[in-house]
Participant: 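Questions regarding the structure given below will be posed in turn.
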There are 2 protein chains.
Amino acid sequence: MEITRESGVAVWRQIQQILEREIREQTFRPGARLPTEAELARRFMVNRHTVRQAIARLEDRGLLRTDQGRGTFVQEAVIDYQVSRKTRFSENLSRQNRTSDRVLLTTADLPASTEIARALRLRRGAMVAYVLCAGETDGRRISVSAHYFPKPRFDGIGALMAETKSFTHAMRRFGVEDYARQTTRILAKMPTSEEARLLAMPRNRPLIVTEGLNIDGSGNRVEYCVTKFVGDLVQMLVEH
Amino acid sequence: MEITRESGVAVWRQIQQILEREIREQTFRPGARLPTEAELARRFMVNRHTVRQAIARLEDRGLLRTDQGRGTFVQEAVIDYQVSRKTRFSENLSRQNRTSDRVLLTTADLPASTEIARALRLRRGAMVAYVLCAGETDGRRISVSAHYFPKPRFDGIGALMAETKSFTHAMRRFGVEDYARQTTRILAKMPTSEEARLLAMPRNRPLIVTEGLNIDGSGNRVEYCVTKFVGDLVQMLVEH
DNA sequence: ACCAATTTGTTCGTATGTATG
DNA sequence: TCATACATACGAACAAATTGG
């Protein structure tokens, strides 16, 4: 594809359109790295600034993502993660025709920190069952979530999770037929190196963190969970 | 304050507690930069790693924030911004005993982009009234928001906003007694240099972006708005 | 585009203290 | 008492980001 000058269409805009088509036609696949700005400048025989202008527009439109020192990447499709009273990981993804997988990373029994105790209305230091999970869709890891359950009641939920891979099923074994999300707090932060490693993401891209409180039919607090999503791949959707 | 060794309390924990008290007592004010790690190491006569351990814990607890190449900062208080059917900037802050200010940055009439047209159910290129605002609380800028109104109906809303500084009041002049949020999309992204400038924040801290659609009593789409919050200062709170 | 100074981030290695069996 | 494991503390060097010239 050639660049035509003095055509009434700015050179950067022509480049933008060429790149856009190549992304659409999967010449550059989602998540793949584009050639460097210098290489693109050579290919189109323009100055690097001109390529940067085209890239900046595509970034604005969400088609590309640039990481300083790493390169320019084709943005993968973003998942709309619905936050509602009935927030369920697998349902949320199957609604969008995506596969969903849970990976159990750790289970343990822990004394509640101040924060967890406040959320679950326990005394600080009271024992809670802790489950650390990863969430994947279409083979890509998109979230890591920590789940806390009050301990006498949900003893052994970690083992059950290993078996069922589903909180809905595991909770049912404890007589909780249905649980509902009472509140969700949503915030943005940069990942620690550990979080970046678990989510296979660079450190200079943001996380979306949700802190949720689940209650059973009688209003008892049954679960506090903190989920960290790759910010580039997930958006939270709230219907009021 | 002195560090006592072999006291049964780890040195890093003692340092953590000292820094914690100094933050609580405003020796280090919110937003202020702490002495460098090297300086603190000299002050407490320990290795820099030991100071870093203390700082890392305080960072986990949300009291400090570190920026590579810049320093360590006392985290300012975080605002819980309630996202609901009735999302109002000033009410949201007064609920938390904070002052609120709107700063009108720009108003214009624009043809709708694809995204805006889709949100407001207009033809692409149809005219919309555009208002760019900043939101401040206690003298600190926390948000920049772009508002789009369908044009024949809300002609001149920019001028009205300049006068009233309140969307609720301005909308009332157009016969919209009450409006409600239908959906909110929440995402995280890194700021452009322009966004960072407008929000007086560094480029390596995340934004929280909300995209909201407001409807009037009859279900007509009256406003589409995109608000960008300083991620370090604001958390979204959803009650289900 | 580049350099220099400053500051936090990371990774080695080494030594010591503490808890456990 | 010995062995082991783990957390604590220190030291050195280098990497990465920011700032200002």
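Protein chains get the first letters and strands the later ones, always in sequence-line order, with residue 1 at the start of each.
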Participant: Using heavy-atom distances to pick each residue's nearest nucleotide on DNA chain D, tell me which of N204(A) and Q53(B) is more 5'.
Facilitator: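 Mapping each residue to its closest nucleotide by heavy atoms, the 5'-most match is Q53(B).
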
Participant: Measure from CD1 on I3(B) to C1' on dT8(D) and round the result to the nearest Å.
Facilitator: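 The distance from CD1 of I3(B) to C1' of dT8(D) comes to 14 Å, rounded to the nearest Å.
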
Participant: Judged by each residue's nearest nucleotide on DNA chain D, which is more toward the 5′ side, V9(B) or G69(B)?
Facilitator: V9(B)

Participant: Would you say that more than 12 heavy atoms from the other residues, nucleotides or ligands in this model lie under 6.0 Å from the CZ of R33(A), or not?
Facilitator: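 Open: at most 12 neighbouring heavy atoms sit under 6.0 Å from CZ of R33(A).
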
Participant: Look at the side chain of E37(B) and decide which nucleotide, out of dG9(C), dA9(D), dC10(D), has an atom nearest to it.
Facilitator: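 Minimum distance to the E37(B) side chain belongs to dG9(C).
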
Participant: With R102(B) as the cation and F89(B) as the aromatic partner, state whether NZ or CZ is under 6.0 Å from the six-membered ring centre and within 45° of the axis.
Facilitator: yes

Participant: Less than 6.0 angstrom separating the ring centers of Y130(A) and H147(A), yes or no?
Facilitator: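 That pair fails the under 6.0 Å test.
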
Participant: What's the closest nucleotide to the side chain of Q68(B) if the choices are dT7(C), dA9(D), dA16(D)?
Facilitator: dA16(D)

Participant: Between C1' on dG11(D) and CZ on R42(B), what's the gap in Å once rounded to a whole number?
Facilitator: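 It is 16 Å, rounded to the nearest whole Å.
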
Participant: Once you round it to whole Å, what is the distance between C1' of dA9(D) and CZ of F44(B)?
Facilitator: 16 Å

Participant: Tell me: CD of E59(B) to C1' of dG9(C), nearest whole Å?
Facilitator: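 Taking CD of E59(B) and C1' of dG9(C), I get 11 Å after rounding.
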
Participant: Using OP1 and OP2 only, check whether a side-chain N or O of T72(B) sits under 4.0 Å from dT8(C).
Facilitator: yes

Participant: Would you say a side-chain N or O of R70(B) is under 4.0 Å from OP1 or OP2 of dT8(C)?
Facilitator: no

Participant: Side chain to side chain contact (heavy atoms under 4.5 Å, CB included), that's the test. Do L207(B) and L187(B) meet it? Break it down for me.
Facilitator: CA-CA 8 Å; L207(B) 292 177; L187(B) 52 112; over 6 Å; no

Participant: Between dT8(D) atom P and Q14(B) atom CD, what is the distance in whole Å?
Facilitator: 13 Å

Participant: If you check the T36(B) side chain, which of dC10(D), dG9(C), dT7(C) turns out closest?
Facilitator: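 Among the listed nucleotides, the one closest to the side chain of T36(B) is dT7(C).
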
Participant: Check the distance between dA7(D)'s C1' and Q16(B)'s CD and give it to me in whole angstrom.
Facilitator: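 About 16 Å, once rounded to whole Å.
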
Participant: Could you tell me the separation between the CD atom of E39(B) and the C1' atom of dT8(C), rounded to a whole number of Å?
Facilitator: 13 Å

Participant: Quick check for you: to the nearest 0.5 Å, what is the distance between R98(A) atom CZ and I79(A) atom CD1?
Facilitator: 4.0 Å

Participant: Please report the distance, rounded to the nearest Å, between CD1 in I15(B) and P in dT8(D).
Facilitator: 13 Å

Participant: Would you tell me if any nitrogen or oxygen in the side chain of N47(B) comes within less than 4.0 Å of OP1 or OP2 on dG11(D)?
Facilitator: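 Yes.
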
Participant: Check whether any side-chain nitrogen or oxygen of T50(B) sits under 4.0 Å from OP1 or OP2 of dC10(D), and answer yes or no.
Facilitator: yes

Participant: Determine whether the side chains of R57(B) and Q16(B) contain a donor N or O and an acceptor N or O closer than 3.5 Å.
Facilitator: no

Participant: I need a per-nucleotide contact map over nucleotides 10-20 of chain C, read 5' to 3'. Cutoff is protein heavy atoms under 4.0 Å; write B for the base, S for backbone only, - otherwise.
Facilitator: BB---------

Participant: Other residues, nucleotides and ligands only: do more than 12 of their heavy atoms fall within 6.0 Å of CZ on R24(B)?
Facilitator: yes

